[in-house]
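Notes to accompany the following structure.
Please read all numbers here as calculations on a predicted model, not as lab measurements. Throughout, protein chains are lettered first and strands after them, A, B, ... in sequence-line order, and every chain is numbered starting at 1.
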Protein chains: 2
Amino acid sequence: MRPNKREELVQKALDAYNRHGFQATGMDLLVRETGISKTSMYKHFSTKDDLILAVLERRDALFRAWLIERMQALGKTPIARILALFDVLEEWFAMPDFQGCMFIRAAAEYQDKTHPIRQQSARHKQQVEDILKNLAQEAGLENQGLLARQLVLLKEGAIIAAHVQLSATAAADAKAAARLLLGQ
Amino acid sequence: MRPNKREELVQKALDAYNRHGFQATGMDLLVRETGISKTSMYKHFSTKDDLILAVLERRDALFRAWLIERMQALGKTPIARILALFDVLEEWFAMPDFQGCMFIRAAAEYQDKTHPIRQQSARHKQQVEDILKNLAQEAGLENQGLLARQLVLLKEGAIIAAHVQLSATAAADAKAAARLLLGQ
DNA sequence: TTTGATGTGTACCGATCAGTAATCTTATGA
DNA sequence: TCATAAGATTACTGATCGGTACACATCAAA
């Protein structure tokens, strides 16, 4: 089993799940869209859920790396970087293939709280929260825990507003609220 | 076609979709859980999507009526009622059958932006926002539009945090942030 | 008591679901 | 050049999908 084939599969499956959803993307559709045979897929991942978990892992790594990189590029101080979160969201929402947050969708499609896919989604959200908590700590702010949780509320709310309501101002509205939270 | 049978079907389908999700709830499962025959179902709704739309309409009516009633009961002034939104969320999150927001889940499961189910979800979110905007107007606050949108961000964020992250403080965190937005 | 509408039970349709088996092809390394 | 393993191809499994056909039961009104 060539590891690059595995990577190719995960990448292409990520695209497919992003476009059609998890349950709506059958293994046969995956074969059609990736050009990779079903036998090869099942050599790398013994079940569909295993593949989805690998896709979520990849998405988590890609998203967090992108988020950190953009926040650092757009802001020079810790507080500026926290506020830059919402500019990064704005960039994300404007992408033509924006379909909401993959982890929110995963949690929506897998109702069982104990399902590994649900736990992976919860872990992702926690890790993003930790990024914000660390920045708040760097900035010397008080109540970093509460502040990070509230910033996350604004972030998740903006994602929903942009995705479900198709709000064009979601990121800017959230940024204005974040300024208040930060006392800026 | 007796209208009460239709109501019974919509109510029981609402329960089933809430417990298992939309795509995961097949028509055969619905027959098993509701005790209503498939033939009767298809006499009232010609497709599964039509049934889901009726379920969402009912959920929208029930949720908004409940929200307004609880906000009025928990707060006596417009501002107190706005803040009571987050106490109502707390009550909701504590319910044993809480599975997140049905409209967020619907938007997550139906990726096509033009799908009627998506449009219904967007409409619901807009109508909740309008409730808050009206309260802000009653309170004589400025920038009612922005304020209502930001309160919605906190509400949606709290729903996601409570559902995906299983945050126990989501409603309280959101309420504290809302106090800042309201200048309270 | 008959009639027509409403509802039920059951069996079925073709399509698709996740997953498997067996055979053939291709690329790699010695 | 040859052996080995990865991948492709094709066909298949039993289960389930949304939706339908048809015969039978129930009920109300005429």
For [X] and [N], give me the distance from atom [atom1] to atom [atom2], rounded to whole Å.
{"X": "Arg6(A)", "N": "dG7(D)", "atom1": "CZ", "atom2": "P", "answer": "12 Å"}
{"X": "Leu30(B)", "N": "dT16(D)", "atom1": "CG", "atom2": "C1'", "answer": "15 Å"}
{"X": "Met41(A)", "N": "dA6(D)", "atom1": "CE", "atom2": "C1'", "answer": "15 Å"}
{"X": "Lys43(A)", "N": "dT9(D)", "atom1": "NZ", "atom2": "C1'", "answer": "12 Å"}
{"X": "Leu9(A)", "N": "dA6(D)", "atom1": "CG", "atom2": "P", "answer": "16 Å"}

Could you tell me whether the phosphate oxygens of dG7(D), OP1 or OP2, come under 4.0 Å of any side-chain nitrogen or oxygen in His44(A)? yes
Verify the contact: side-chain N or O of Ser40(B) to OP1 or OP2 of dT8(C), cut-off strictly under 4.0 Å; return yes or no. yes
Enumerate, atom names and distances included, each donor-acceptor pair closer than 3.5 Å involving a side-chain atom of residues 151-164 of chain B, sequence neighbours excluded.
from, atom 1, to, atom 2, distance (Å)
Glu156(B), OE1, Lys125(B), NZ, 2.9
Glu156(B), OE2, Lys125(B), NZ, 3.3
His163(B), NE2, Gln99(B), O, 3.3

No-H, no-angle donor-acceptor pair, Thr39(B) side chain to dT20(D) base, under 3.5 Å: no
What pairs of nitrogen or oxygen atoms, one from the protein and one from nucleotides 16-18 of chain C, lie under 3.5 Å apart?
from, atom 1, to, atom 2, distance (Å)
dA18(C), OP1, Lys48(A), NZ, 2.6
dA18(C), OP2, Met27(A), N, 2.7

With sequence neighbours excluded, residues passing salt bridge (Lys or Arg N to Asp or Glu O under 4.0 Å) with Arg149(B): Asp173(A)
Set of residues satisfying salt bridge (Lys or Arg N to Asp or Glu O under 4.0 Å) with respect to Lys133(A), sequence neighbours excluded: none
Please report, to 0.1 Å, the donor-acceptor pairs under 3.5 Å made by any side chain of residues 134-145 of chain B, with sequence neighbours excluded.
from, atom 1, to, atom 2, distance (Å)
Asn134(B), ND2, Asp130(B), O, 3.3
Gln144(B), NE2, Leu141(B), O, 3.1

Any pair counted as side chain to side chain donor-acceptor pair (under 3.5 Å), so long as it reaches residues 72-84 of chain A, sequence neighbours left out: none
Any ion pair linking Lys175(B) and Glu90(B) (charged N to carboxylate O, less than 4.0 Å)? no
